[in-house]
Undergrad: 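First the structure, then my questions, so here it is.
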Amino acid sequence: MAVSRLNLPNIISVARIAATPAILLLALSDHNPNRYWAFVLFLVAAFSDLWDGYLARKHGWITDLGKLLDPLADKLLLVSTFVPFYIVSHRGPQWELPWWGALPMWVLVVIFGRELFITLFRSWAARRGEVISAGQSGKYKAFVQNLFSGGALLWFGLVETARIRGWEDGSVWGAWTVLHGTWIGVTLAAALFLTIYSLVDYLWAYRALIRNG
């Protein structure tokens, strides 16, 4: 039976794409409540990614359009968070990320460079009749990136709240910063590793297409 291009998973992907500009603007805002709204909206977008994938697999609603929309939504969500992370973390020492400080430019080059390469690779493959959907390693990469992004968005909001309410010298806040900071440091390191690994994995999986292309 033919599967409609406008099925529920594809609609969810389109909604996720539409949410990315709002996340970017809220994350860049100087109004601290907006940082929490960016975190909440990001969580909704991230969980919707898991939901639409589950629905597509469960009901057989997998379409070529969905194979293109889903990774596009992931890439735009990545831009809507990592660009603010870079900008905000360079606003001053109080905004630096635990373990990483002001987010280094090379991190963005690795993250976005991989996404640009895979996008071009997918376009090249599509012209040869091969639709490349997100692979398992790519899904792991996106999941860990989301763990980092959620943690970083929450971090920026809490840092400002701690300053406003005078929590900075408290023992509870000190313990929290250690735990939260470790989360941010470890998940970004893991995301960078999986970014490189998933790129190699894609190239290896489609080596025959590359060789015959």
Side-chain angles (χ1 to χ4, degrees), residues 1-21 23-24 42-83 85-86 105-150 187-213:
M1 182 176 64
V3 180
S4 171
R5 290 160 61 89
L6 294 177
N7 59 31
L8 183 56
N10 291 351
I11 293 172
I12 294 172
S13 292
V14 170
R16 195 159 74 253
I17 290 170
T20 55
I23 294 172
L24 187 147
F42 172 81
L43 288 184
V44 172
F47 279 112
S48 75
D49 185 27
L50 300 175
W51 186 36
D52 68 12
Y54 167 77
L55 290 174
R57 290 187 298 273
K58 179 180 179 181
H59 299 288
W61 293 338
I62 298 173
T63 65
D64 285 348
L65 178 62
K67 291 178 182 179
L68 296 175
L69 284 176
D70 187 58
L72 174 61
D74 290 342
K75 287 172 175 54
L76 291 176
L77 190 61
L78 196 65
V79 171
S80 73
T81 51
F82 271 79
V83 169
F85 295 156
Y86 180 81
M105 175 58 73
W106 68 263
V107 171
L108 268 64
V109 171
V110 171
I111 296 289
F112 292 152
R114 182 266 185 200
E115 300 305 324
L116 176 60
F117 181 87
I118 291 297
T119 299
L120 294 174
F121 182 60
R122 280 197 173 101
S123 298
W124 176 81
R127 290 195 297 271
R128 285 154 181 79
E130 183 78 33
V131 176
I132 299 177
S133 58
Q136 199 61 42
S137 62
K139 292 181 183 295
Y140 291 144
K141 178 267 305 176
F143 177 71
V144 176
Q145 284 175 342
N146 286 344
L147 292 179
F148 163 74
S149 295
T187 53
L188 180 53
L192 287 167
F193 170 78
L194 288 171
T195 294
I196 297 170
Y197 172 77
S198 64
L199 173 61
V200 174
D201 187 44
Y202 269 110
L203 295 177
W204 179 254
Y206 291 94
R207 62 192 182 278
L209 177 63
I210 296 171
R211 188 166 53 245
N212 299 326

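Sequence positions, counted from 1, serve as the residue numbers for this chain.
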Undergrad: Which atoms form the tightest heavy-atom contact between Thr20 and Ser80, and what is the distance?
TA: O-CB, 3.3 Å
Undergrad: Which distance, rounded to the nearest 0.5 Å, do you find between the CZ of Arg122 and the CG of Leu72?
TA: 10.0 Å
Undergrad: Under the criterion side-chain contact (heavy atoms from CB on, under 4.5 Å), which of Leu24, Ile17, Thr81 is the partner of Leu76?
TA: Ile17
Undergrad: Quick one: does any side-chain atom of Asn212 pair with a main-chain N or O of Ala208 as donor and acceptor, under 3.5 Å?
TA: yes
Undergrad: Does the ring center of Phe82 lie less than 6.0 Å from the ring center of Phe85?
TA: yes
Undergrad: May I ask you to test the Thr195-Leu199 pair for a side-chain heavy-atom distance under 4.5 Å?
TA: no
Undergrad: Once rounded to the nearest 0.5 Å, what's the spacing between atom CD1 of Ile210 and atom CG of Leu203?
TA: 5.0 Å
Undergrad: Out of curiosity, Ile111 CD1 to Leu116 CG, how far, rounded to the nearest 0.5 Å?
TA: 13.5 Å
Undergrad: For Phe121, what residues pass the ring pair (Phe, Tyr, Trp, His ring centres under 6.0 Å) criterion, not counting sequence neighbours?
TA: Trp124
Undergrad: Does atom OH of Tyr140 have more than 12 heavy-atom neighbours from other groups under 6.0 Å away?
TA: no
Undergrad: Any idea which heavy atoms bring Val144 and Thr187 closest together, and the distance?
TA: CG1-O, 3.5 Å
Undergrad: Go through it in stages, so that I can follow the logic: the residues are Ile196 and Val110, the test is side chain to side chain contact (heavy atoms under 4.5 Å, CB included), and I'd like the CA-CA distance, side-chain angles, deciding distance and then a yes or no.
TA: CA-CA 8 Å; Ile196 297 170; Val110 171; 4.2 Å; yes
Undergrad: Taking C-beta and beyond as the side chain, do Phe112 and Val83 meet within less than 4.5 Å on heavy atoms?
TA: yes
Undergrad: With rounding to the nearest 0.5 Å, note down the distance linking CZ in Phe143 to CZ in Phe148.
TA: 15.0 Å
Undergrad: Using only atom types and a distance under 3.5 Å, with no angle test, would you say the side chain of Ser149 pairs donor to acceptor with the backbone of Asn146?
TA: no
Undergrad: Which residue pairs pass the salt bridge (Lys or Arg N to Asp or Glu O under 4.0 Å) test when at least one of the two sits in residues 107-120, sequence neighbours left out?
TA: Lys75-Glu115, Glu115-Lys141
Undergrad: What pair of heavy atoms forms the shortest contact from Ala73 to Ser13, and how long is it?
TA: CB-O, 3.9 Å
